[in-house]
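Written below as structure tokens is the structure these notes are about.
Values below: all heavy atoms of this structure, side chains included; hydrogens, waters and symmetry mates excluded.
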Amino acid sequence: MIKLLATAAATAAALLLAGCVTVIDASDNGYGWTGSGAQPFDGAKADCVRQAGSDEGTTAFVTCMADKGWTRTRD
């Protein structure tokens, strides 16, 4: 029982410490988004599509995503 609790605690700690998320969308020509403490990706992207259009390469779109905690990366 103690081993199970220790394993569960270690797993929870690892998940909490892994606060950086990377999202790679196959439709975006190799660009991905990385966010640490960012808003949920799908909602942030949907908001930015409404505000800046669907072209992720525009400055307006990248700025919108950055305001929501996401930065664009290249594979």
Side-chain angles (χ1 to χ4, degrees):
M1 182 68 160
I2 292 177
K3 281 187 177 183
L4 180 61
L5 288 175
T7 302
T11 302
L15 290 174
L16 288 173
L17 293 174
C20 186
V21 176
T22 300
V23 178
I24 306 278
D25 184 351
S27 67
D28 69 8
N29 299 321
Y31 285 99
W33 296 95
T34 300
S36 180
Q39 293 180 13
F41 180 77
D42 291 335
K45 185 174 179 180
D47 286 345
C48 291
V49 165
R50 282 192 292 276
Q51 292 176 27
S54 61
D55 184 358
E56 292 185 30
T58 64
T59 301
F61 193 93
V62 173
T63 301
C64 178
M65 290 294 282
D67 290 343
K68 297 176 183 317
W70 292 96
T71 55
R72 198 161 96 170
T73 61
R74 178 82 170 142
D75 288 348

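Pairing each heavy atom of R72 with each of G57, the nearest pair is NH1-CA, 3.2 Å. Taking all atoms of both residues into account, the shortest heavy-atom contact from W33 to T73 is N-OG1, 4.1 Å.
A donor-acceptor pair is defined here as one N or O able to donate and one able to accept, closer than 3.5 Å; such a pair exists between the side chain of T71 and the backbone of T34.
Atom-to-atom distance recorded for K45:NZ and E56:CD is 4.0 Å, nearest 0.5 angstrom.
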